Amino acid sequence: ERIRMLFNRIINIKPGSMNKVLEIAPKFPHLAKKILDEKYKGPIKVMIRLHGPLGQIKWQWENDSMDEDVQNAMTFAQNDEWNKLVEEMSPYIESSSIGDVIWAEIASV
């Protein structure tokens, strides 16, 4: 059984910006699938936090290795449509965001 790596990017949203973020954020998974096409098989999710500190959003995706994640990140960084979407989202992100959190799944039932 292979070990899957679960990647999370946790972002703090500026107060009063959640409605705008909820318009923009769902575009990211769809664009990621479009850019990576058949190279990416796993789910890409966008979530908002309902308990605990509010005003947070999280992207979640899976890869088989750090190398695969870096390769995908490089592909995104070289894509104009992706960079435009990042620029659209940037004004609503707090600089205090947690950023990337990586989990490796070691067991599942």
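All residue numbers refer to positions in the sequence shown, counting from 1. Source: prediction; values computed, not measured.
Take Phe76 and apply the ring-ring contact (aromatic ring centres under 6.0 Å, His included) test, not counting sequence neighbours, and it matches Trp82. In this view, Lys58 and Asn8 satisfy the side chain to side chain donor-acceptor pair (under 3.5 Å) rule, not counting sequence neighbours. For the side chain to side chain donor-acceptor pair (under 3.5 Å) test, residues two or more places apart in sequence or in another chain that qualify with Glu62 are Arg4.
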Side-chain donor/acceptor pairs under 3.5 Å, residues 17-30, sequence neighbours excluded:
| residue | atom | partner | partner atom | Å |
| --- | --- | --- | --- | --- |
| Ser17 | OG | Lys14 | O | 3.3 |
| Lys20 | NZ | Glu23 | OE1 | 3.4 |

Do any side-chain atoms of residues 67-75 form donor-acceptor pairs under 3.5 angstrom with protein atoms, and if so which ones, sequence neighbours left out?
| residue | atom | partner | partner atom | Å |
| --- | --- | --- | --- | --- |
| Glu68 | OE1 | Asp64 | N | 2.7 |
| Asp69 | OD1 | Trp61 | NE1 | 2.7 |
| Asp69 | OD1 | Asn63 | ND2 | 2.9 |
| Asn72 | ND2 | Asn63 | OD1 | 3.4 |
| Thr75 | OG1 | Gln71 | O | 3.1 |

Return a table of donor-acceptor pairs under 3.5 angstrom between the side chains of residues 83-94 and protein atoms on other chains or two or more places apart.
| residue | atom | partner | partner atom | Å |
| --- | --- | --- | --- | --- |
| Asn83 | ND2 | Ala77 | O | 3.0 |
| Asn83 | ND2 | Asn79 | O | 3.2 |
| Ser90 | OG | Val86 | O | 2.7 |

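We find the CG-CD1 distance between Leu54 and Ile13 to be 12.0 Å, quoted to the nearest 0.5 Å. Here CD1 of Ile10 is found 9.5 Å from CD of Gln60. Values are rounded to the nearest 0.5 Å.
Within the 4.5 Å cutoff, no side-chain heavy atoms of Ile35 are placed close to those of Tyr40.
Cluster membership check: Met47 does not share its hydrophobic cluster with Trp59, using side-chain heavy-atom separations under 4.5 Å among Ile, Leu, Val, Met, Phe, Trp and Tyr.
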